[in-house]
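One structure below.
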Protein chains: 2
Amino acid sequence: MPRTKGSVTIEDVARLAGVAKGTVSRVLNNYGDTSAETRDRILQAVERLEYQPSAAARKLKRGRVDTLGIVLPAGQGEHADPFLSEFLDGIAQALDLSDRDLLVTTAHSDEHAVTVHDRLIRSRKVDGFIVTRTQGDDPRIGLLLQRGFPFVAHGRTKETDFAWYDVDNERAFLDAVRHVVALGHRRIGFLGGPVRMNFAIQRKAGYRRGLAEAGIAHDPALEIACELNEMSGAEAARTLVHLDEPPTALVCVTDTLAIGAIEALRALGLAIGRDVTVIGYDGLPVGAYIDPPLTTFSQSAHAAGARAAQMLIDVIEGVDPLERQELVRADLVKRASDGPPEKTPKELKESLAR
Amino acid sequence: MPRTKGSVTIEDVARLAGVAKGTVSRVLNNYGDTSAETRDRILQAVERLEYQPSAAARKLKRGRVDTLGIVLPAGQGEHADPFLSEFLDGIAQALDLSDRDLLVTTAHSDEHAVTVHDRLIRSRKVDGFIVTRTQGDDPRIGLLLQRGFPFVAHGRTKETDFAWYDVDNERAFLDAVRHVVALGHRRIGFLGGPVRMNFAIQRKAGYRRGLAEAGIAHDPALEIACELNEMSGAEAARTLVHLDEPPTALVCVTDTLAIGAIEALRALGLAIGRDVTVIGYDGLPVGAYIDPPLTTFSQSAHAAGARAAQMLIDVIEGVDPLERQELVRADLVKRASDGPPEKTPKELKESLAR
DNA sequence: TTGTAGGCGTTATCAC
DNA sequence: GTGATAACGCCTACAA
């Protein structure tokens, strides 16, 4: 039976240093009222025994565990979400600087996610949560607000009275449309996301604003709501390109959709960046390795994770959540999947007919 | 009604049920010596108050936290390792079934990794570790063995007296060489990994065995040790292809290297799968989206994570670690980056000279 | 400046 | 069967 081998307690340290455990505790927590001499003696004992306070005992007394929690969507069909990996890495990096750790759990549905958050709160395993992929009306956030439990959301929701870190989605898609319009496109398709996702709503708004700004009439046929996987993107691209007046540019709500679209269009013999322009969003590393390399908007998942973690730490330490709301811009990463339209929609249509 | 403040304790439940807290505890831990009547009354109170035991207090008494730990390499240069993401997802899935959680930390060097493991052990935040990317001589495993702390390694080391889950790396690379030999290749390059990594050593052994089996003389110039990123793979590919007698097939120790190699070779105007065959290893989803889709060996990182987690749980619960050692096979995932050589090495060389 | 003691929420060992 | 009560390891008033 593997058991925790004789872990050193504060008692051991006290004995070795010849003081009471209370004194050891005070030194370790920087009360500053201990004499330099005993202080040194205690620290030396700590060093020698390699003493570290038990997280559990400490928690019991102080009510903090120095652990942040995150509940991820369980991997759908073996494919881990690359955005989340980078986001996690960013969190871990920020935590490393603050001697805190990250508890990771997964959930396979919205209700399950709420259950898991609740369990973690009640078992007091974490001090706060980072919530990702927020929805317009998010039950997790509802729970957290109701419980008064610290958290930071990556992305806003309808209600916004809490701490969040978000990308200016609307602005990014406005910029995307401006970009393709500047290239000469007038017929611009939009591969959107599930309507319950808040970011999908915001990005669609940006797309429409871009059209309006350029004086292009909005055509509902050019907007498709997709699931967030390649297949869905491929399907949507095929649908759009077979319209009577197909778009010469596709603005996609995520890189994953864009990659699926590119796959499908190439299979139809179209030259990406010349026959059809495709623009993604996320700045995933994968994007650089597909053919042609994907032009996209990048929000640095890594930076987002790191910043969200730090914001959460602040909130846990008592900062007003409303003082921790940050909106950042996504930047265009110009690669090779965009370019001036070499065909009119009509010519595009004809080239497919052959 | 769940109150926002002051979490429910066992005391609250006891009071509501009109019993002593000891009794509540016994019911909750299935001692089975309680009368059916009080049992029901207690469970009802638990339900009503939505009581959940405090993990910290429980830990203090029982010495278990129901939390597994993993220390990941900190993301190098913004690129999260896709293998690890899937591995994590597998762990999470297994844990979901057992009401345990996963504590994730990162380390930016080998020594740091040891420090972090040590800190986690001493602060008793986890019951055991999953160790990934083992090295031939691994300091983390040294520490864990010395401390007598439960762990499972994904990959073996020199010493193998502990629980591990590993892929038969040698066999996979033997198979890889057999595969390209069967296609007609005789000049076969090897993009290896850092020599301290155990899997790199094993894969190289498989490669050499494959050559020997086919009666092909081993040429040291065809073997290159790379770092595990695209750039390194690209560089190695360029070096090999510019040899006097370049290889017509490249067997790569990871998909990441293979992807880098493909990038570089395509940039030189070579047709992958015809001029040069490239084979990877890992079965990363990305591989399916590059051009051409990467032929690779798949070990299902997801399955590995799930299995490793379950093995660790077994070990924590007292199973002899030596009874938890598993070797699995990696299977060839045939896509389109391999094929019969259309050029001899000499012709390949000439086509590059132009 | 330092020692003593009570309590955080559980579980386990006693009595009854 | 069930109720007290003593730990578990730490922090922190309070006393000395």
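Throughout, protein chains are lettered first and strands after them, A, B, ... in sequence-line order, and every chain is numbered starting at 1.
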key: Test side chain to side chain contact (heavy atoms under 4.5 Å, CB included) applied to B:Asp96 and A:His108, step by step   = CA-CA 10 Å; B:Asp96 187 37; A:His108 42 255; 3.6 Å; yes
Per-helix bend value, the helix from C:dT1-D:dA16 to C:dC16-D:dG1, C1' rotation axes over five pairs per end, 10° rounding, shows 50°
Its 5'-most and 3'-most nucleotides having an atom under 4.0 Å from a non-hydrogen atom of chain B, DNA chain C is contacted over C:dG9 to C:dA12
Rounded to whole Å, CD1 of A:Ile10 lies from P of D:dC10 at a distance of 6 Å
A:Arg64 CZ to D:dC11 P, in whole Å, measures 10 Å
Output for pair (A:Leu95 CG, A:Arg100 CZ), nearest 0.5 Å, gives 7.5 Å
CG of B:Asp137 to CD of B:Glu159, rounded to nearest 0.5 Å, is 8.5 Å
Rounded to the nearest 0.5 Å, the CZ atom of A:Arg26 sits from the CZ atom of A:Arg39 at a distance of 13.5 Å
For D:dG3, does either OP1 or OP2 sit under 4.0 Å from a side-chain N or O belonging to B:Thr23? yes
Whether A:Asn198 side chain and A:Thr134 backbone form a donor-acceptor pair below 3.5 Å: no
A:Arg15 CZ to D:dC10 C1', in whole Å, measures 15 Å
Is there a donor-acceptor contact under 3.5 Å from the side chain of A:Arg140 to the main chain of A:Thr132?
yes
Near B:Gln44 CD, under 6.0 Å, is it more than 12 heavy atoms from other residues, nucleotides or ligands?
-> no
From the candidates D:dC10, D:dC8, D:dC11, the one with an atom nearest any side-chain atom of B:Leu60 is D:dC8
CZ of B:Arg64 to CG of B:Asp127, rounded to nearest 0.5 Å, is 7.0 Å
To the nearest angstrom, the NZ-P distance between A:Lys59 and D:dC10 comes to 16 Å
Partner of B:Phe129 under ring-ring contact (aromatic ring centres under 6.0 Å, His included), picked from B:Phe151, B:Phe149, B:Phe162, is B:Phe149
Note to self: On the side chain of B:Arg26, is there an atom forming a donor-acceptor pair with the base of D:dG3 - under 3.5 Å, no angle test?
What the structure shows: yes
Exercise. For D:dC11, does either OP1 or OP2 sit under 4.0 Å from a side-chain N or O belonging to A:Ser25?
Worked result: yes
Between B:Lys61 and B:Arg41, the residue closer to the 5' end of DNA chain D by nearest nucleotide is B:Arg41
Q. Is there a donor in the side chain of B:Gln310 and an acceptor in the side chain of B:Asp314, or the other way round, less than 3.5 Å apart?
A. yes
Review point. What is the nucleic acid contact for A:Ser54, judged by heavy atoms within less than 4.0 Å: base, sugar-phosphate only, or nothing?
Key: sugar-phosphate
Separation of D:dC10 atom P from A:Arg58 atom CZ, nearest Å, is 9 Å
Think B:Thr38 has a side-chain N or O under 4.0 angstrom from the OP1 or OP2 of D:dT2?
yes
Report task. Check every strand shown and say whether B:Gln52 touches a base, only sugar-phosphate, or nothing at a heavy-atom separation below 4.0 Å. Result -> sugar-phosphate
Whole-Å distance, B:Lys21 NZ to D:dA6 C1', equals 10 Å
Here the distance between atom C1' of D:dG3 and atom CD1 of B:Ile42, to the nearest Å, is 12 Å
Whole-Å distance, A:Arg62 CZ to D:dG9 C1', equals 13 Å
